[in-house]
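Here the structure is laid out as structure tokens; the discussion comes afterwards.
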Amino acid sequence: MSRRASRFQTQTPWTPLPYSPWHETLWQFLATSSLVFGAWYVGWRWLGSVNYDALWFSIPLLLAETGAFFGLVLFTANLWSAKSPAPAPLPAGIRDCTDDPEMPDRPLSVDVFFATYSEDPELVRLGLKDAKRFTYPYPIDVKIHVLDDGKRPAMEAVAREEGVNYITRSDNVGFKAGNLRNAMTVTSGDFILICDADMQPFPTFLEETLGYFRDPKVAWVQTPHWFYDVPPGVPLPAALERWLGGAGRLLGKGFERIFGPVQIGEDPFANDPQLFFDVILRRRNWANASFCCGAGSIHRREAVMEAALRQWSDQVAAAAGRNEAAARRLTGEEAIAESIRDSMRWQGALEEEFQPYKFHVSEDIYTSIVLHSDRERGWKSVLHPKVQARMLSPNDLLSWTIQRFKYAGGTLDIMAHDNPLFRKGLTLPQKMMYASTFYSYLSPLWNIVFLFSPIIFLFSGIAPVAGYSLDFFIHIAPFLLLNELSQLVALWGNSNAKGRAWYLAMFPLNLQAMWAVVRGKKISFPVTPKDRQVGTYPRLVRWQIALVVLTAAGLIWGWSAFAAGVAGYSLGAMIANTVWGTSNMLSMLPMIRAAFWQPDPVYEAAIVEGATP
């Protein structure tokens, strides 16, 4: 058992936000008002604020603002409604999960897949032990399998000692997706629970999720990822006592008495996934567009296999058609003999890979798109809001970067080569939800403009708008205020400040992913390290540091120019760009700090002493 995993066993997950129609109505009103005033501002920017003396500067900022506003529209659509399906009573047998009246009844069967490659076998053992503790009120056949693409004797020994099945293969084609496909060929459970190597499912997992499958159209249920090793931070009094002694502890207690509890060093890598799962993905249930996130999801085998077979058949037919057309061009014949056509179809069948889980770095979201677009069967997905497993998070910036580059590159690769917006079968709401995800990874295109615009002004005195007049503030202030209020209400109980900061600070990483996809570079399948990597990583934040230094220097230069009465440096312009530039610098600091973060002894003690069972 890894030391890191053992330290955090006593932490508990969040409680899902309860649904309130009054809360939702208030959010929808504020969000609509924000978009109305946002459209008013963007329209005014195009029609009444262009700086025609500096179009090279003004137009890029206009395009960036317009692009960001469109992203806000998609984000608002994503969060529009929190209504979700409620799980039905648990099925007593397979007949409760199908609409086939002639299906012979029998206990449900579930295959639990633990996909692993190079992770510590003792870490996998933790999950295997927990999976053996599943509870269910009716007879059920649960089989646990270790899917080891590392072909390791130590992993096989752990599987044998825990009394679970060990599955490996001769190659690593398709990486994780290929690993899952191989396991599906040698198992037969009605449902498949996918676990990563570090995942420890709760005993109630099946009781919380199988009820949804009473609807024969439900293809999979995704549960939230919960990283139980996210640092909770050190209480402010303890941190101040370390720096200032007893006086610091008293000062910290006094501050907390007025403003509430404060944690120092809390989640330095913005790993807390509650905002994504409990708000963003959960609010896609209304559109039947919550996508699979791999680990922590349970799938109906029939849905995965049937959708894959249909897609494989379509690919074989398309390949045969291309081969036949090529043969006609080569021979000059108007028709090809049926025997040759059959041969071409057979050859196409041999050449096309059958992929129940798409062979792709983002196989989870890709498979979701395939299933959602199967209009004939009308498969549904559900995000179950209650945490049902614990996992390990990236605990250093290098591991975090590997994981996020894989997310960004994989998503952008799908957008470039099989864009769901042009895929037949998806409904308009589903396309909007997927568009929101894919569009968010294009954010560097406008975030770079937002980050460098105040720097350009502060050093040059050239404004990207016609003027920072009262008219400018009258147009932008209501939009910004309503946007903040609407986000506060929509994300009630969740802080968006840290997520927003990392969203801006990730611009080099997302740009790198975009450039890799543009060049046609294959996005690899790196395994995210499960143990903390030793060292600091200033190289990973060199662009963020440069931006902070440039902005700080620009502020000194700009205010000096203002004090000297240099033309272009008006008070309104300086206030606007100082607030803008300072906000940008503050957004870079969490990621810079993460590059140099080391576990604090006080934090380590707080994990052990302050954890609640």
_Run D148 and T116 through side chain to side chain donor-acceptor pair (under 3.5 Å) and show every step you take._
CA-CA 5 Å; D148 183 23; T116 180; 4.7 Å; no
*Mind running side-chain contact (heavy atoms from CB on, under 4.5 Å) on H299 and I194 for me, showing each step along the way?*
CA-CA 8 Å; H299 303 238; I194 298 178; 3.6 Å; yes
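- Considering every non-hydrogen atom in both I167 and A183, the closest pair reads CD1-CB, 4.3 Å.
- Looking only at side-chain heavy atoms (C-beta outward), F227 and L392 stay at 4.5 Å or farther from each other.
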_Under the criterion side-chain contact (heavy atoms from CB on, under 4.5 Å), I'd like the reasoning laid out for Y366 against D364: C-alpha separation, chi angles, the key distance, then a yes or no._
CA-CA 5 Å; Y366 213 142; D364 42 15; over 6 Å; no
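- Between the side chain of Q430 and the backbone N or O of N288, at least one donor-acceptor pair lies under 3.5 Å.
- Contact check on K176 versus D149 returns no salt bridge, with no Lys/Arg side-chain nitrogen under 4.0 Å from an Asp/Glu carboxylate oxygen.
- P107 is not listed as a side-chain neighbour of D141, based on a closest heavy-atom distance of 4.5 Å or more.
- Smallest separation of non-hydrogen atoms from S368 and C292: OG-N, 2.8 Å.
- Residues P444 and N510 come closest through the heavy atom pair CG-CB, 3.2 Å.
- Checking side-chain atoms of Q222 against main-chain N and O of A295 turns up a donor-acceptor pair under 3.5 Å.
- The closest donor-acceptor contact from the side chain of D96 to the backbone of L90 lies at 3.5 Å or more, if one exists at all.
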*asked:* I'd like to know whether W502 forms a ring pair (Phe, Tyr, Trp, His ring centres under 6.0 Å) with W400, so could you lay out the CA-CA distance, the side-chain angles of the two residues, the decisive distance to 0.1 Å, and finally the verdict.
replied: CA-CA 12 Å; W502 283 74; W400 184 92; 4.7 Å; yes
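- When each of I414, D413, N419 is tested with H417 by the rule side-chain contact (heavy atoms from CB on, under 4.5 Å), just one qualifies, namely D413.
- Of the possible polar contacts, one joining the S373 side chain to the V370 backbone as a donor-acceptor pair under 3.5 Å is found.
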*Please assess H145 against Y166 for the test side chain to side chain donor-acceptor pair (under 3.5 Å), listing each intermediate value before the final yes or no.*
CA-CA 6 Å; H145 313 271; Y166 178 80; over 6 Å; no
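- The six-membered or imidazole ring of W446 lies near that of Y439, with a centre-to-centre distance under 6.0 Å.
- In this structure, CD1 on I140 lies 8.0 Å from OG on S109, to the nearest 0.5 angstrom.
- With a 4.5 Å cut-off on side-chain heavy atoms, P420 and F438 count as touching.
- A salt bridge does not link K132 to D130: none of the charged nitrogens lies less than 4.0 Å from a carboxylate oxygen.
- Judged by distance alone, the side chain of R390 and the main-chain N or O of P201 form no donor-acceptor pair under 3.5 Å.
- Listed for the D99 side chain is no donor-acceptor partner under 3.5 Å among the backbone atoms of P216.
- Between the side chain of N179 and the main chain of A115, no donor-acceptor pair closer than 3.5 Å is present.
- Note that CH2 of W220 is 13.5 Å distant from CD1 of I192, once rounded to the nearest 0.5 Å.
- Note on ring orientation: taking the six-membered ring where Trp is involved, the planes of F202 and W226 are perpendicular (angle over 60°, cut-offs 30° and 60°).
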*Could you walk me through whether D278 and K386 pass the salt bridge (charged side-chain N to carboxylate O under 4.0 Å, His left out) test, one step at a time?*
CA-CA 8 Å; D278 201 23; K386 191 174 179 181; over 6 Å; no
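- Here the closest heavy-atom approach between residue A82 and residue R283 is recorded as CB-NE, 3.8 Å.
- The main-chain N or O of L79 is found under 3.5 Å from a side-chain atom of W27 such that the two form a donor-acceptor pair.
- The CE atom of M184 sits 11.0 Å away from atom CG of L147, with the distance rounded to the nearest 0.5 Å.
- Remark: the backbone N or O of W379 is not paired with any side-chain donor or acceptor of R375 at under 3.5 angstrom.
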*After noting the C-alpha distance and the side-chain angles of F277 and H225, does the key distance pass the ring pair (Phe, Tyr, Trp, His ring centres under 6.0 Å) rule?*
CA-CA 8 Å; F277 283 99; H225 293 178; 4.9 Å; yes
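- Here D374 does not pair with K424 in a salt bridge; the nearest charged N to carboxylate O distance is not below 4.0 Å.
- Heavy-atom neighbours of K217 NZ from other residues, nucleotides or ligands within 6.0 Å: above the threshold of 12.
- Aromatic ring orientation, F69 versus F479: perpendicular (interplanar angle above 60°, classes split at 30° and 60°).
- A salt bridge links K380 with D215: the closest approach of a Lys/Arg side-chain nitrogen to an acidic carboxylate oxygen falls below 4.0 angstrom.
- For the residue pair S486 and A31, the shortest heavy atom distance occurs at CB-N, 3.8 Å.
- With rounding to the nearest 0.5 Å, the separation of CZ in F205 from CD in E207 is 12.5 Å.
- Defined by atom type and a distance below 3.5 Å, a donor-acceptor pair is present between the side-chain atoms of E24 and Y19.
- Nearest heavy atom pair, residue A219 against residue L371, reads CB-CD1, 4.4 Å.
- Rounding to the nearest 0.5 Å places CG of L74 at 9.5 Å from OG of S440.
- Side-chain atoms of W14 and P273, non-hydrogen and from C-beta on, do get closer than 4.5 Å to each other.
- K143 has no carboxylate O lying under 4.0 Å from a charged side-chain N of D111, or vice versa, which leaves the two without a salt bridge.
- The distance from atom CD1 of I298 to atom OG1 of T209, rounded to the nearest 0.5 Å, is 4.5 Å.
- Ring geometry for Y212 versus H384: interplanar angle over 60°, hence perpendicular rather than tilted (30 to 60°).
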*asked:* Would Q388 and T204 count as a side chain to side chain donor-acceptor pair (under 3.5 Å) here? Give the steps.
replied: CA-CA 7 Å; Q388 287 301 301; T204 55; 2.7 Å; yes
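- The pair E484-R500 meets the salt-bridge criterion, since a charged nitrogen lies less than 4.0 angstrom from a carboxylate oxygen.
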*asked:* Is there a side chain to side chain donor-acceptor pair (under 3.5 Å) between T437 and R284? Walk through the geometry before answering.
replied: CA-CA 11 Å; T437 296; R284 296 187 177 191; 2.8 Å; yes
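- In this structure, the side chains of V382 and S84 stay at 4.5 Å or more apart for every pair of heavy atoms.
- Side-chain atoms of E208 and T223 form no donor-acceptor pair, as typed in the model, at a separation below 3.5 Å.
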*asked:* Checking R423 against D418 for the salt bridge (charged side-chain N to carboxylate O under 4.0 Å, His left out) test, could you report, in this order, the C-alpha distance in whole Å, the side-chain angles of both residues, the deciding distance, and whether it holds?
replied: CA-CA 8 Å; R423 192 181 185 92; D418 197 358; 2.9 Å; yes
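- The closest donor-acceptor contact from the side chain of D229 to the backbone of S393 lies under 3.5 Å.
- A salt bridge links E302 to R377: one of the charged nitrogens lies within less than 4.0 Å of a carboxylate oxygen.
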